[in-house]
Amino acid sequence: MNYGKFKNELFKAARKAGFKDFELYYYVGDTFRVGIYQGDIDTYNVSSSIGVGFRGIFNGKMGYSYSEKIDAGTIDMLVDCARENALIIDSNDPEFINNQADTYSEADTYCDKLSEVKAEDKIKFALELEKCMIGCDSRVRKVQTCIFGSFDNSVTISNSYGLELSYKTNGAFSIAVPVLVSGNETQTAAAYIVGREFERFDPEELAREAVSNAAAYFGAEPVSSGKYRILIKNEAACDILETFSSIFIADSVQKGLSLLKGKIGQRIASEKLIVLDDPLLPGGMASCPFDAEGVASRTKEVIRNGELVTFLYNLKTAHKDGVKSTGNAARSSYASKVGTSATNFYIKPGTRPLDEMLNLLQDGLYITEVQGLHAGANSVSGDFSLAAKGFAVKNGKIDKAVEQITIAGNFYSLLENIEEIGSDLRFGIPSGGYFGSPAILVKELSVAGK
Amino acid sequence: MLEFTVLEEVLGKAVSTGGDFAEIFIEDRFSSSIGMIDGAIENAVSGRDFGAGIRVYSGFKSVYVYTNNVTRKGLLEAAEKAADAISLTRKTNIGSLTESIAVNKHPITFMPSSVAGTRKADIVRRAYKAAKEYSPEIVQVSAGYADVEQEIYIANTEGLYTRDKRVRTRIYIQAVAGSGSENQTGFEGPGGSRGFEIFDEIDVEEYARNASRTAVAMLHAEVCPADRMTVVIEGGFGGVIFHEACGHSLEATSVAKGNSVFAGKLGEKIASDVVTAIDDGTIPNGWGSYNIDDEGFPARKNILIENGILRSYMVDRLNGRRMGMEPTGNSRRQSYRYAPTSRMTNTYIAAGNSDDKDIIASVPYGLYARKMGGGSVNPVTGEFNFAVAEGYIIKNGQIDKPVRGATLIGKGADVLMKIDMVGKNVSLGQGMCGSLSGSVPTNVGQPMIRVSEMTVGGR
C-alpha cells in the first residue's frame, strides 16, 4: 500500500470525525523459521505481514483501533472504532500525542549482512546443529528442539503534529534442546543464541552447551527442604529479572501494583547492584532510536549502588509524576495500547568469574534453571515459588545435581540480600524487552525438596 | 471469500513441487477489549486481524507460509514460497473442493459486534465496584473485558472446503489487597464461547467478590511451609494439575516424536484407578469448544484415561502420520500466524465417588489448595509445576489457617498414581494455554481431588 496516501486520507478522516490529535503506527515484517528432526527439515515457516494501529484523542480521551486488512473500508473502520472506544473511556488522566521536537541518537538495530544471509545457509546451520548434538555425546538419543529463526521488520510512526519517524530492525536466534538417556533416566536442557551477527553463530558451540547442560543433570535428586545460600546462574537470573521488571514501571507504581512507591532516592537493594535500561546498547536486541510515541531513546540508570534512581515512564505517566518521559513507551504490537516497557535492561556485571562466585557461595545451591515464572511469581506482591534445578555446592565446588525442588522468596528481599554479582553478563531470549544478568549470589532462599 | 477456482489454483501451486497435501487457512477476526483500573475505564482497543496461512506436507515434513495479502496474487506467491521449500518430483492429484459446513453447536444470542461498547464498559464497572467495595483492604482492582469474533475458512487438497465462526467473551478481575508494606492478589476470569448473553448467566459481582476474598485472605496468611505433604485440590481451575502433569504429555505434538513420558503407553496403567480423564471439544458453549478444529475435523469427546488406563492421545493430521493414528479433532492454532498442532480443548478429571467432606476429613496434616494459578511442564521428562493462588493448612481433617506463596511440583508419571480420592462434582475453570501453535483458550476442570503426596514449594 502507499503509506503516504493512506496516512493522508486517514488523518483527513480523523480530523473530520472530531479527533484533535492522533497517531498512525505502521508495521511491516518478515519472519523465517526452520526446524530440524532426524537429519531433515521438519518444519519450515516463512511469513510477511503488515498491520496498522491508529489512536486519537476525542473529547480528551484516547481511543484505539487496528487492522491487518488494508482496503477501501479500513480508514472508516479505524476512525469509527477509535471514536467509539474513546467514548467508553471515563478516566480523567490527560492523554498525549507527542508534540515535542527531539534529537535522536543512532541506535544499533539493523545488520545489513544478516539480511543478506540466504535461506540455504540458515538451513545448513540448523542441520549442523542437530548433527553436532547427536555426535557429541552417545547418550543423546534424539533432539526435541533444533530451530533457527530470523526476523526483519520496520516501524513507522506519524502523528498529527507532523512527527514522522521510522526505523528497521532484524535479528536471528537458534534454540537447541537435546534429549539424553542413560539407563532409566532422561534429561533435557536448552541452549540458545540470539543476535544480529550470523557469523558468530557456532553450531558446535551451541550443541556442546546444550548437551553438557543436560548431561550434568544425570543422577539429580532433590535436597532436603530448608534455607540455603543460593548462587543463581546468569540465565536463570535473567528470567527472574524479566518477570519482576514491571515493578520499575511508573504505571505499576502509580496504580499500587509495585511496592516501590515513594522510594526514589532510597536504598532498595544491595549497594553492589547497578541496573541499567539502555535502548542504545550496541548489540541490544531491544535497541531503538525512539520509543512507541516517538520520544528519543536515552540510556538511564534505574538502580545505582542499590539506590532507586528512576522509574520507567511514557508521556502519560511522566505527566502524572511531573517529570519528563524516559523514552520507555512501548506497545506489544500495532494491535495493543501504548504502555511502558524496559528495553535493554540489565544488571551491570561485577568482576568475579563463576569459579570465584562458587567459592564465595561455599556451601549451598547453584540454581541453573527455574520454571513456571508466569504462574509462580507475582510482581504485585514480589513473592515467588518456582520449580528449580541445579547443583549442590560444597566447599566452593559443584557436588551433586539437584532437581525436583522449588526455590521461594520475595523479590524485594532478594534485592537487599544480594551478596555479590558475577562478571558473566548474559542476556535472555528477547520478548518485548531484552533482559540480562550475571550470576547473582543471594544470602538465603527457602528450598522445598525431600 | 475467494472463489473455489482461486482456492484450487493456490492449492495446486502449493503441491506443484511434490507435496502430498496442502491446506489454506483464512482468518478474519474482530476483537475488542476494555480495561478499568483506579475507578475509571482507562483503555479500549478494537480491531481486525486478517490473514491466511498455507501448509504443505511431504511425508512428515511440513512447510508453513502466512501472509496478510489474501488475494489471488498474494496467495499464489505464498503458495510458491511454500512449494519452493519442498522440491521433489512427485505429482499429487488434488480433489476439487466441496463445501461441507458443520452444524453450529454453540449458538450465540448477542454477537459482541452488535453490542455497544458502553454496555460492555458497564459490565466492567460492575465487576470493578463489587471487587473494590468488598473490603477497605482492597487497594486496587484491575478489571477487563475481551471479546472476539473469529471467522475461519479452510480449503485442502482432499477437496474439503469448510468454515466456522467462533465467538468468545471473557471478563477478568484482579484484586489487590495491601497493608502499605505488602500486597497480595486474587484473580477470577470467567468466560465462554458465548456472546453478551454470558452476563445473564454468570454472576459478575460474585466472581469479583471472590477475587477480592482471595486477595484479603492471602494478605492475612502466613507463608506456606516447604515440605512434602498430602494435598487436596479444589475442583474447577484446580484441574490445571491434570493439564500440566498429564495433558500436554498426551498431545501428539510431543508423543509423535517420542518426546513424552507417556509415549508408547496406550493400554497401560498411567494413573490410579480413580482417575478418568476426558478432553471434550463439544461441550456446548464451552470456553475451549468449537464445531471444527483448525484443520476442519469435527470436535470430539475423547476419553484419554479410563480408570487409570491410557486410552487415547490427542492427535492432529501431521503428527497422526508419524503415529499411524487418525486425528481426534484437537488441531488448534492461535491464529493464521501459526501452523496447527494437537492441543487440549476442555480437559477434566471425571467425577468419582468421594464426598468433598470425606476428602478433607481424611487428611491429618496437609495442604488445601482452594485456588490455583497457572503452571508449566516439560513433556519429555514429565516435570511439571503449578502455583497455589489460595491455600490453607489442613489439620486433623479440618481446614485450618490460610497460607500463601507455594508452587506444587512433581513428575507427571508419579503424581497421577498418587491421586487417591476423587470427588463427585466437576466444575471447569477458564484459562489460556501456550504451546507451539500459540496461545489458545482452554478449560481445565475436575472435582475436588486428593493427592497422597506432593512437594509443596513454600518457605
Side-chain angles (χ1 to χ4, degrees), chain A residues 37 40-51 62-69 77 81 84-85 87-93 142 144 179 186-188 222 225 255-257 259 335-337 371-372 374-376 378 380-381 383 385-387 403-406 408-409 446-450, chain B residues 34 37-38 40-51 60-68 81 85 117-118 120-121 139-140 176 178 181-185 226-228 257-259 337 339 373-376 378 380-381 383 385-387 404-407 409-411 455-459:
Chain A
Y37 185 68
D40 201 355
I41 297 177
D42 178 43
T43 58
Y44 185 92
N45 299 3
V46 294
S47 79
S48 61
S49 37
I50 70 163
M62 184 81 82
Y64 285 82
S65 59
Y66 69 89
S67 183
E68 293 177 349
K69 189 170 201 198
M77 176 242 150
C81 281
E84 191 193 356
N85 285 329
L87 289 170
I88 299 174
I89 309 294
D90 52 29
S91 164
N92 289 318
D93 290 340
K142 66 174 96 117
Q144 190 216 31
V179 180
T186 302
Q187 291 289 353
T188 67
S225 304
K255 289 171 174 162
L257 303 174
L259 294 174
S336 69
K337 68 175 171 87
Q371 297 294 331
H374 62 288
N378 185 323
V380 177
S381 63
D383 290 340
S385 167
L386 304 165
E403 66 170 24
Q404 286 293 291
I405 60 164
T406 60
S446 295
V447 171
K450 57 175 186 247
Chain B
I34 298 171
I37 193 164
D38 265 350
I41 302 274
E42 189 192 53
N43 54 264
V45 185
S46 53
R48 186 178 192 182
D49 294 74
F50 183 68
F60 298 153
K61 178 199 290 208
S62 76
V63 171
Y64 192 72
V65 179
Y66 72 84
T67 176
N68 296 113
K81 273 196 204 154
T118 45
K120 299 172 185 176
V139 297
Q140 186 57 279
V176 181
S181 57
E182 276 192 312
N183 276 339
Q184 288 291 323
T185 61
D227 208 348
R228 290 183 66 79
K257 291 175 180 167
N259 285 331
R337 295 163 185 279
S376 64
N378 178 349
V380 178
T381 58
E383 293 163 298
N385 61 79
F386 55 101
R404 61 158 90 150
T407 282
I409 65 171
K411 285 191 176 175
T455 303
V456 176
R459 289 197 235 170

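A note on names: the letters A, B, ... follow the listed sequences, proteins ahead of strands, and every chain is numbered from 1. All figures in this text were calculated on a predicted structure; none of them were measured in a lab.
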Can you say whether [X] sits under 4.5 Å from chain B via the side chain, the backbone, both, or neither, judging by heavy atoms?
X: A/Glu84; answer: side chain
X: A/Asp40; answer: side chain
X: A/Ser225; answer: side chain
X: A/Val179; answer: side chain

Between [options], which shows the greatest number of heavy-atom pairs under 4.5 Å with chain A?
options: B/Gly458, B/Gly178, B/Gly117; result: B/Gly117
options: B/Ser181, B/Gly258, B/Ser62, B/Ala40; result: B/Ser62
options: B/Val456, B/Thr381, B/Asn43; result: B/Asn43
options: B/Ala339, B/Ala85, B/Gly373; result: B/Ala85
options: B/Val139, B/Val176, B/Val380; result: B/Val380

Rounded distance (nearest 0.5 Å) linking atom [atom1] of [X] with atom [atom2] of [Y]:
X: B/Thr455; Y: A/Ile405; atom1: OG1; atom2: CD1; answer: 10.0 Å
X: B/Arg228; Y: A/Gln404; atom1: CZ; atom2: CD; answer: 8.0 Å
X: A/Lys255; Y: B/Gln140; atom1: NZ; atom2: CD; answer: 8.0 Å
X: B/Asp227; Y: A/Lys450; atom1: CG; atom2: NZ; answer: 13.5 Å
X: A/Asn85; Y: B/Ile34; atom1: CG; atom2: CD1; answer: 7.0 Å

Donor-acceptor contact present, side-chain [X] to main-chain [Y], <3.5 Å:
X: A/Ser381; Y: B/Gln184; answer: no
X: A/Glu68; Y: B/Asp49; answer: no
X: A/Ser49; Y: B/Asn68; answer: no

Is it the backbone or the side chain of [X] that comes under 4.5 Å from a heavy atom of chain A, or both, or neither?
X: B/Phe60; answer: backbone
X: B/Ser46; answer: both
X: B/Lys120; answer: neither
X: B/Glu182; answer: backbone

| message | As an exercise: rank A/Ala408, A/Gly376, A/Gly63 by heavy-atom pairs under 4.5 Å with chain B and give me the winner. | response |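 Heavy-atom pair counts peak at A/Ala408.
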Contact check, side chains of [X] and [Y], non-hydrogen atoms, under 4.5 Å:
X: B/Ser376; Y: A/His374; value: yes
X: B/Glu383; Y: A/Gln371; value: no
X: B/Thr118; Y: A/Leu87; value: no
X: B/Asn259; Y: A/Lys142; value: yes

| said: Under the rule for salt bridge (Lys or Arg N to Asp or Glu O under 4.0 Å), what residues qualify as partners of B/Lys257, not counting sequence neighbours? | reply: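 By the salt bridge (Lys or Arg N to Asp or Glu O under 4.0 Å) rule, B/Lys257 matches A/Asp42.
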| field | Non-hydrogen atoms of B/Gly405 and A/Ser385 that approach each other most closely | value |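 For B/Gly405 and A/Ser385, the tightest heavy-atom pair comes out as O-CB, 3.7 Å.
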| message | Any donor-acceptor pair under 3.5 Å linking the side-chain atoms of A/Ser91 with those of B/Asp38? | response | no
| message | If you apply the rule side chain to side chain contact (heavy atoms under 4.5 Å, CB included), what do you find for A/Asp383 with B/Arg459, and how did you get there? | response | CA-CA 11 Å; A/Asp383 290 340; B/Arg459 289 197 235 170; 2.9 Å; yes
